[in-house]
Undergrad: 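Sending over a structure as structure tokens; questions will come in a sec.
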Protein chains: 4
Amino acid sequence: MSTEHSSGRAASRDAGDTGSERRAELLAIAADLFAARGVRATTVREIAESAGILPGSLYHHFDSKNAMVDEILREFLDHQRRSYDEVLREAADARTTIAELVRRSFRGMHRYRAAVAIFQNEANHLAGIERFDHLRQASRDFERVWKRVLADGRRTGAFRADLNITLAYRFIRDGVWTAVHWYNPRGRLTINAIAEQYIAILCEGIAAPERQ
Amino acid sequence: MSTEHSSGRAASRDAGDTGSERRAELLAIAADLFAARGVRATTVREIAESAGILPGSLYHHFDSKNAMVDEILREFLDHQRRSYDEVLREAADARTTIAELVRRSFRGMHRYRAAVAIFQNEANHLAGIERFDHLRQASRDFERVWKRVLADGRRTGAFRADLNITLAYRFIRDGVWTAVHWYNPRGRLTINAIAEQYIAILCEGIAAPERQ
Amino acid sequence: MSTEHSSGRAASRDAGDTGSERRAELLAIAADLFAARGVRATTVREIAESAGILPGSLYHHFDSKNAMVDEILREFLDHQRRSYDEVLREAADARTTIAELVRRSFRGMHRYRAAVAIFQNEANHLAGIERFDHLRQASRDFERVWKRVLADGRRTGAFRADLNITLAYRFIRDGVWTAVHWYNPRGRLTINAIAEQYIAILCEGIAAPERQ
Amino acid sequence: MSTEHSSGRAASRDAGDTGSERRAELLAIAADLFAARGVRATTVREIAESAGILPGSLYHHFDSKNAMVDEILREFLDHQRRSYDEVLREAADARTTIAELVRRSFRGMHRYRAAVAIFQNEANHLAGIERFDHLRQASRDFERVWKRVLADGRRTGAFRADLNITLAYRFIRDGVWTAVHWYNPRGRLTINAIAEQYIAILCEGIAAPERQ
DNA sequence: TATGAATGAGGTTTCATTCAT
DNA sequence: CATGAATGAAACCTCATTCAT
């Protein structure tokens with residue numbers, strides 16, 4: 001084990017206090033900065049300044065900058081995992097399920113926008129740090145969900161027989177999650193509109209149906 | 001915005017030296033590191049070390065670290081712009097054209113893999129620096145090409161009438177370019193295979209066609 | 001030299017509170033940490049944590065970290081001074097007196113182990129701080145006691161005529177007090193055993209007496 | 001393995017360059033400060049200031065502050081080990097050997113004064129850091145040398161039969177090495193004078209021989 | 001008495017860059 | 001072309017201490 005673990009030094013950082021209001025505030029501020037500028041490019045000075053405190057004061061609440069990143073990401077990942085699992089338990093047909101997965105991805109993106117942006121931008125780089133090992137597991141968990149539904153759909157004839165499951169999964173994943181780069185919660189395009197359009201393209205393609 | 005102007009010293013290199021072999025070598029080494037670890041996270045020391053020289057020596061070839069990034073990106077962007085323009089000049093039907101754009105995107109990704117990764121990962125962050133203003137222009141150029149073809153296709157009935165051009169463009173762009181994160185030139189999935197599968201999904205959708 | 005004066009606030013504690021039980025407990029905890037890790041290396045957070053309170057709470061009992069160190073050292077130094085003085089008042093021959101000084105040093109080390117360790121490790125560094133000026137005086141007091149006995153013994157013929165008083169004093173002092181680094185109160189070697197062996201070596205040497 | 005290892009990042013720090021003149025200068029400056037104020041209490045800023053450079057510049061020569069400490073200590077320890085081993089190879093009687101060990105200890109103290117002071121003051125605290133694991137081995141090596149000679153002497157009758165080898169060793173070690181705290185190379189007491197007086201006390205004791 | 005949030009100074013280290021040789 | 005020493009700014013983090021509650 002390397003140095004990248006929460007040492008639980010101060011009472012204020014022990015399990016119970018994880019939910020303090022000030023903490024949540026600071027975390028939200030940090031998340032927005034991380035999302036906008038990148039984790040490395042965001043300095044603790046900037047976070048502190050945005051929060052109106054001094055850099056050292058951040059360390060009363062968090063063990064390190066990476067500990068903040070970690071907490072931000074975990075909250076999103078836990079939520080998203082639960083959300084996907086719910087869909088699987090509802091056991092609809094493959095096409096309905098895929099559509100619902102897309103919808104829930106966009107809803108997660110809406111609710112945890114900063115976290116999604118961080119995850120999307122930096123998962124690769126962060127994964128080199130021991131503390132962020134769990135990111136890889138989360139990615140694998142997500143992958144398993146999508147691929148299972150795609151494979152089911154192909155087997156039952158809901159999806160094309162020549163569908164390459166891996167490539168389809170990657171196309172969807174990348175297309176959907178990368179939307180966080182341009183999605184604007186206060187823009188004209190709502191989460192629902194985007195999701196439904198993506199689902200349409202994904203399922204039916206952009207080509208017009210042949211006239212019969 | 002910082003002040004990122006090429007200093008006077010650069011003049012001595014702008015003409016002849018730009019094409020030196022050593023330069024290209026160094027640039028390739030740097031590009032791979034930038035792509036793998038991120039621009040900020042890659043130190044000039046690491047680049048120098050990979051090249052077997054000392055950090056100071058890099059400055060005989062390039063004005064700065066960002067100058068290297070700039071050169072790496074420009075090469076790719078110029079190529080890609082020309083490649084897209086060629087497609088437009090060939091004036092096929094919309095669907096053929098879209099397919100060809102996808103193919104040429106993947107070919108660009110194959111040839112300028114590191115540059116694409118850098119562009120994909122860091123264009124947003126770099127765009128804040130004066131020297132990288134041109135990235136935004138390049139993005140706009142690409143966008144114009146894709147949207148024109150999509151709009152043409154919708155007008156001529158090749159594409160669905162209810163297609164949201166902007167969203168379709170973004171979905172394609174994100175899905176295609178983000179593939180650089182996992183594309184492995186020595187893997188089993190060739191550029192061609194990926195491109196054709198993506199084109200199929202994109203045009204026809206993943207859903208099996210209704211039996212008539 | 002820093003300004004280390006007890007602030008006005010301390011007045012409220014100087015009389016009655018000095019003897020509180022909680023204080024003594026906290027002081028003992030701090031002393032052990034200071035001894036084990038060094039004064040500088042021990043943080044008030046660690047002390048507080050060991051005591052089960054928060055760092056800020058320590059300041060209800062003590063003015064500062066150095067005030068704790070000071071109190072710990074003073075208790076030992078006052079005791080040791082009194083103990084040495086008693087020996088001098090008993091007025092035995094030089095050799096008996098030296099032996100008794102050694103014994104009482106070890107007894108002091110046993111009773112004020114942490115304080116002795118701190119004194120031994122850090123007197124030099126602490127002496128640069130105004131508040132710890134008295135350490136130098138204590139050292140001088142101790143030195144005077146030992147040297148007087150050694151000089152008496154040399155004059156009366158109890159000790160060798162070629163004895164260098166200063167060097168002998170230093171050898172004894174260093175050899176004896178440094179034992180605090182390895183002395184283990186729960187180990188097999190008792191304070192008495194160590195003292196008697198040291199007295200033997202000191203007085204008779206390690207060499208076997210010449211056969212006559 | 002933790003983070004405390006030389007990473008050999010820069011060419012200037014690779015094996016060969018270990019002997020540069022500037023390095024040695026800087027190391028000597030640092031050693032004196034470490035010895036005088038303690039390792040923790042000495043800041044890299046102070047070292048740099050003493051050397052007339054900026055703090056960051058130190059990192060051109062050394063990987064870290066602890067790397068400097070390590071190098072300082074290793075040089076002394078390697079020397080002292082070799083020096084002790086030479087004595088053992090000369091195979092004189094136990095008393096002569098012990099005397100020679102004392103002499104060589106003082107000579108080592110003279111030549112590597114700062115290193116000895118650091119070793120004496122901080123070996124215990126440093127040993128908690130992985131990088132300084134070897135300190136414990138060095139201590140054990142030294143202990144083995146002294147104890148072997150003491151045991152030999154007791155067996156052959158050169159030393160008292162009731163000598164406690166462990167305690168005798170510790171007394172000598174502590175008495176001798178702690179002298180570094182007050183030894184002044186420009187003072188009146190030469191290394192030789194101190195060594196001979198210590199040898200006399202150690203072997204014959206401070207008590208005057210009984211008249212025969 | 002105790003808490004928890006904050007301070008402010010200072011710590012070690014990193015790193016792009018410069019420049020005399 | 002390359003080196004190696006140095007710069008200077010800025011990074012993350014630590015910690016004794018304060019103080020309103």
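The chains referred to below are lettered A, B, ... by the order of the sequence lines, with proteins before strands, and numbering in each begins at 1.
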Undergrad: Which nucleotide in the set E:dT17, E:dT13, F:dT17 lies at the smallest distance from any side-chain heavy atom of D:Val44?
TA: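 My answer, after comparing the listed nucleotides, is E:dT13.
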Undergrad: When all nucleic acid strands are considered with a 4.0 Å heavy-atom cut-off, which category describes C:Ser57: base, sugar-phosphate, or nothing?
TA: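 The answer is base, as C:Ser57 lies within the cut-off (heavy atoms under 4.0 Å) of a base atom.
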Undergrad: Tell me what A:Ile53 touches on the nucleic acid: a base, only sugar-phosphate, or nothing, going by heavy atoms under 4.0 Å.
TA: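 Sugar-phosphate contact only.
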Undergrad: Assign each of A:Val39 and D:Arg22 to its nearest nucleotide of DNA chain F by heavy atoms, then name whichever residue's nucleotide is nearer the 5' end.
TA: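 Mapping each residue to its closest nucleotide by heavy atoms, the 5'-most match is D:Arg22.
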Undergrad: Stem finding on DNA chain F, please: runs of three or more consecutive Watson-Crick or G-U wobble pairs, both distances under 3.5 Å, sorted by first number.
TA: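 Stems (3+ consecutive pairs) listed as E:2-21 with F:2-21.
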Undergrad: A:Leu54 CG to F:dC15 P: how many Å, rounded?
TA: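 To the nearest whole Å, that distance equals 18 Å.
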Undergrad: For a quick test of reading the model: is some side-chain N or O of A:His61 closer than 4.0 Å to OP1 or OP2 of E:dA6?
TA: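 Yes.
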Undergrad: Provide, to the nearest angstrom, the distance between the CZ atom belonging to D:Phe62 and the P atom belonging to F:dG4.
TA: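 After rounding, the gap between these two atoms is 16 Å.
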Undergrad: C:Arg37 CZ to F:dT14 P: how many Å, rounded?
TA: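 My rounded result for the distance is 15 Å.
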Undergrad: Got a donor-acceptor contact below 3.5 angstrom from the B:Thr42 side chain to the B:Leu33 backbone?
TA: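 Side chain of B:Thr42 to backbone of B:Leu33: a pair is present.
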Undergrad: Output all residues satisfying side-chain contact (heavy atoms from CB on, under 4.5 Å) with D:Asp70, sequence neighbours left out; order by chain, then residue number.
TA: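 Result, side-chain contact (heavy atoms from CB on, under 4.5 Å) vs D:Asp70: D:Arg74, D:Arg131, D:Phe132, D:His134.
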Undergrad: Taking only N and O in the side chain of B:Tyr59, is any of them less than 4.0 Å away from OP1 or OP2 of E:dT17?
TA: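 Yes, such a contact exists.
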Undergrad: In whole angstroms, how far is the P atom of E:dG11 from the CG atom of D:Asn66?
TA: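 In whole Å, E:dG11 P lies 16 Å from D:Asn66 CG.
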Undergrad: Indicate whether OP1 or OP2 belonging to F:dA2 is found under 4.0 Å from a side-chain N or O atom of B:His60.
TA: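 It does not, given that no N or O in the side chain of B:His60 lies less than 4.0 Å from OP1 or OP2 of F:dA2.
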Undergrad: Write down the distance between CG (A:Leu58) and C1' (F:dC15), rounded to a whole number of angstrom.
TA: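 Rounded to whole Å, this separation is 15 Å.
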Undergrad: Please examine the side chains of B:Asn124 and A:Asn121, heavy atoms only from C-beta on, and report whether any two atoms are closer than 4.5 Å.
TA: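 A side-chain contact is absent here, since even the closest heavy-atom pair is not under 4.5 Å.
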Undergrad: Look at the side chain of D:Lys65 and decide which nucleotide, out of E:dT13, F:dA16, E:dA16, has an atom nearest to it.
TA: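 Given the options E:dT13, F:dA16, E:dA16, the side chain of D:Lys65 is closest to E:dT13.
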Undergrad: For the pair made of CG in A:Asp63 and C1' in F:dT14, what is the distance, rounded to whole Å?
TA: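 After rounding, the reported distance stands at 12 Å.
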Undergrad: Rounded to the nearest Å, what distance is computed from the CD atom of residue C:Glu25 to the P atom of nucleotide E:dA2?
TA: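 Distance check: C:Glu25 CD to E:dA2 P gives 10 Å.
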Undergrad: Name the residue closer to the 5' end of DNA chain F, choosing between B:Leu26 and D:Pro55 according to the nucleotide with the nearest heavy atom.
TA: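 Between the two, 5'-proximity favours B:Leu26.
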Undergrad: Hey, could you give me the CZ/CG distance between D:Arg45 and D:Leu58, rounded to the nearest 0.5 Å?
TA: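 It is 11.5 Å, given to the nearest 0.5 Å.
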Undergrad: Need to verify one output field. Residue with the more 5' nearest nucleotide on DNA chain E, D:Arg40 or C:Gly52?
TA: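 Comparing both residues, the 5'-ward one is C:Gly52.
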Undergrad: In whole angstrom, what separates A:Glu49's CD from E:dT7's P?
TA: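 In whole Å, E:dT7 P lies 12 Å from A:Glu49 CD.
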Undergrad: Under 4.0 Å from OP1 or OP2 of F:dA11: is there any side-chain N or O of A:Arg45 that close?
TA: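 Result: yes.
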